[in-house]
Amino acid sequence: MSAHGKGHGGVGAYIGVFLTLMALTLLTVWAAYQHLGIWNTPVALGIATTKAALVALIFMHLKDSPKLTAMVVGSSLLFLAFLIFVTASDYLTRKWVPIYFR
Amino acid sequence: MSTSEPVPAVRPARPDYLNASYGVRSWLLTSDHKRIAILYLITVTFFFAIGGVAAALVRLELLTPAGDVFQAETYNKIFTTHGIMMVFFFLIPAIPAVLGNFLVPLMIGAKDLAFPRINLLSWYLLVIGGLIALWALIHGGLDTGWTFYTPYSTVYSNGWVVVTAVGIFIAGFSSILTGLNFIVTLHTMRAPGMTWTRMPLFCWGMYATAIIQILGTPVIAITLLLVGAERLFHLGIFDPAQGGDPVLFQHLFWFYSHPAVYIMILPAMAVISELVTAFSRKPIFGYKFIAGSSIAIAALSFLVWGHHMFVSGQSVYAGLVFSILSFMVAIPSAIKVFNWTATLYKGSVSYQTPLLYALGFIGLFTFGGLTGLFLASLGLDIHVHDTYFIVAHFHYIMVGGTIMAYLGGMHYWWPKISGKLYPEYWSRVSAWVIFIGFNLTFFPQFIVGYLGMPRRYHQYPEEFQVLNVMSTAGASILGIGYLIPLVYFIWSMRYGKDAADNPWGATGLEWQTPSPPPTENFVETPVVSGRPYDYATGREEVALG
Amino acid sequence: MASPTHAALAHDDAPPELRHHFPDLAKQREASSLGMWVFLVTEVLFFGGMFLAYAIYRETHRRAFEGASNLLDLKLGATNTIVLIVSSLTMALAVWASGRSRKNATVLFLVLTMLLGATFLGIKYVEYKQKFERHEVPGPHFVVPQDEETHQPLPRQSEMFFSLYFCMTGLHAIHMIIGLGLVSWLVVRARRGEFSERYNTPVDMVGLYWHFVDIIWIYLFPLLYLLGRHTL
């Protein structure tokens, strides 16, 4: 962390990320009107995650941060996944009937 | 009390954190972690007293089968007050905010926590949150229990749900900021040479606790916010009439509140690791396993919350998985217990008061943990769910575990905190009174619960009276047991003998600095060169300089 | 890691921004940065609870959610997305400028960020007002809305969508307001010339917060505004 907040990315990279974010915003609106079946939501979330990753890596300098920062971010996502997927596992199996009730 | 070095009759006055400045202002605006620890000590003792009074009233009502002292609704408000005060305002802050605040910088050779002003802010948040909740509980009353289950809390309860929730929400920030401070401090402020594997196990325990505080507390914050919004604005997030699911509340609530149990017990385990090794004069057995098991418990604690919901209507398959995962938590917990007993084995054990508490902890925690396995079994849980069995189980962990360890730690570090020695005779008496009183209070509850007495009712069938009278008698003894240390700790501040810098002959950086420590903790930043708990070689692990 | 001699020397010519318990500014900056990231972790899980509620109910009441979602004003939502992305750019540039001791540029970018943030809240206000006028606000005055296409009433659970919509965007808006407060505090300090190549930690930290709030919106936008558009 001796970089003192300078030197990360630079203006060029910021503008590049900015334009990509704009393009992705238009893309996600366009994709929302397409009939993709079950894929509408995954596509929307995929685009959102790409945008979020760009903001984190470049605007928030995660790319040039110490490994510890990446671990902190990773752990937050891991435990968010625990929260969402473990709870979802309850809802997705609510209607399963145990074998001995059949 | 054995001292490793003679105490000089008259000690020259030297500046320490207690006499560095005087006056209320110098305390209320301090950024010294040691003074903030003292502020926390006073605060949590106050909240403990309130929770204790509520507990006494509960036991008073349960002395007889008839509901003769309080009406049902009053009784509900009293046990809710007991639960909320004890859980959110005593057990969660007690060890981290008092002992952790005082000791973490001292143990790693730092001058202070990374964010001293945030540390002070977190104390103010606890006080403000605690007073708001206390006001709501006393003035308006709340009858939901500390768990706020919907739809009772959102639709039917007449209690002051929102105000109490606001108090807990604010106190939650206190907990988050304390955890944040510890994580950053342990990562960035360690003295030269203090590598992760040279760090005292107390700090490992605090680190694991901080992880839970960071990851869990925000979820209870948003959950209470949603409950508040549902009451205030008639949103329907947990309301079945609008397609909401009350069980979702339980998922969100226990995602925090189960790990919160480990916010309470991990610091206690951290204290015990220090006590056991110091009083058996041996390096701790299996340092890396104890450190690693703390982290393992912290991580696993987020995957077992569903065992609170076996009868809530969650899916059978989710219950199955939660049951298996709950059994797995026993592994790191048992690793700790075995390592402590292995440390005691063939050690030159001296039965000083802190060790008495530590031994009490090991026995009671094991008992509480094993009955936890009963409750983790799907089938058995359906039988004992919401009975006094569960009440006894978690009191063995919370009271027999956390409070035992807290008191053990207070005795062990009291000479460092106050610079005074507590009276040895009375401290042993209190340790025994508490141990006996505790078991008399809670062991009968296992039986009465197994026989089918449900929790949270102010009346019960007459056949349960004998066991309830035993429990109430035990609670009276326990109450006296808690008053004794309160009296002699205060007494010792004025009349106690001066403590040496290292009265126990223990290792660890906190014993290398004067008692009480100077404001800057160390005259010179220490450099650490060896393993912790190096009792075997009989030399100090640390060279100052 | 700092050596002990380094620690002892550091305080002789200590810069004014250095707090007494840190050996040097680099260490202090490291601690601040880690602290901010850890704080953002708590924010992830704070919003995470609501994303969970959204995910569960959106699966159980899919038709109600898609129908209700189509009633949101996509133009305003998309405009707000763009406004926030531009504000993230100006915030990043403010951090960049403050780290190069460019005082005027720092102030300019911070003020631009504030203006964009205020624009976002203004548009949000217009949206909320529409919802009130159309009785789409959950609670006693809620009227079950009609489907955009079929003009049949939506399922009763459409109210749940609006409950979550207001909770999520409301909490996000509160974060925006806090962010505006923080940026205006930075403007004052930047005008005094307190930030330089040596020390711009506050700008950097508020920047992290601002970008994080932007990321939350990046997820809210498709989840709330776009999820039912393919059914139209």
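Below, read A as the first sequence line, B as the second, and so on, with proteins coming before strands; counting in each chain starts at 1.
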Quick one: does [X]'s side chain get under 4.5 Å of [Y]'s, heavy atoms only?
X	Y	answer
F51(C)	L83(A)	no
V72(A)	L34(C)	yes
L227(C)	N40(A)	no
L36(A)	H230(C)	no
V41(C)	F79(A)	no

[X] side, atom [atom1]; [Y] side, atom [atom2] - distance, nearest 0.5 Å:
X	Y	atom1	atom2	value
L40(C)	S76(A)	CG	OG	9.0 Å
I215(C)	M60(A)	CD1	CE	5.0 Å
K51(A)	I218(C)	NZ	CD1	5.0 Å
S65(A)	W37(C)	OG	CH2	6.0 Å
T20(A)	I85(C)	OG1	CD1	10.0 Å
I56(C)	I84(A)	CD1	CD1	8.5 Å

Requested in this report: Output the option from T81(C), I216(C), L89(C) having the highest count of non-hydrogen pairs under 4.5 Å with chain A.
Outcome: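 Highest number of heavy-atom pairs under 4.5 Å: L89(C).
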Query - Proximal component of L68(A), with respect to chain C [non-hydrogen, under 4.5 Å] - result: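 Side chain only.
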**Report entry** Side chain, backbone, both or neither of T41(A) within contact of chain C (heavy atoms, under 4.5 Å)
**Finding:**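 Side chain only.
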Requested in this report: Give the member of A88(A), A32(A), A44(A) that has the highest number of heavy-atom pairs under 4.5 Å with chain C.
Outcome: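 Of A88(A), A32(A), A44(A), A32(A) has the most heavy-atom pairs under 4.5 Å with chain C.
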Side chain, backbone, both or neither: which part of [X] has a non-hydrogen atom closer than 4.5 Å to chain A?
X	answer
S88(C)	both
L223(C)	side chain
V86(C)	both
F212(C)	both

Requested in this report: Name, in order of residue number, those residues of residues 187-195 of chain C that have a heavy atom at a distance of less than 4.5 Å from a heavy atom in chain A; otherwise write 'none'.
Outcome: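 Result: none.
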Requested in this report: Scan residues 26-60 of chain A for pairs that pass ring-ring contact (aromatic ring centres under 6.0 Å, His included), counting only residues two or more places apart or in two chains.
Outcome: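 Listed by first then second residue: Y14(A)-F59(A), F59(A)-H211(C).
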Query raised in the report: Where do L92(A) and E59(C) land on the side chain to side chain contact (heavy atoms under 4.5 Å, CB included) test, with the steps shown first?
Result: CA-CA 10 Å; L92(A) 295 175; E59(C) 274 317 294; 5.9 Å; no
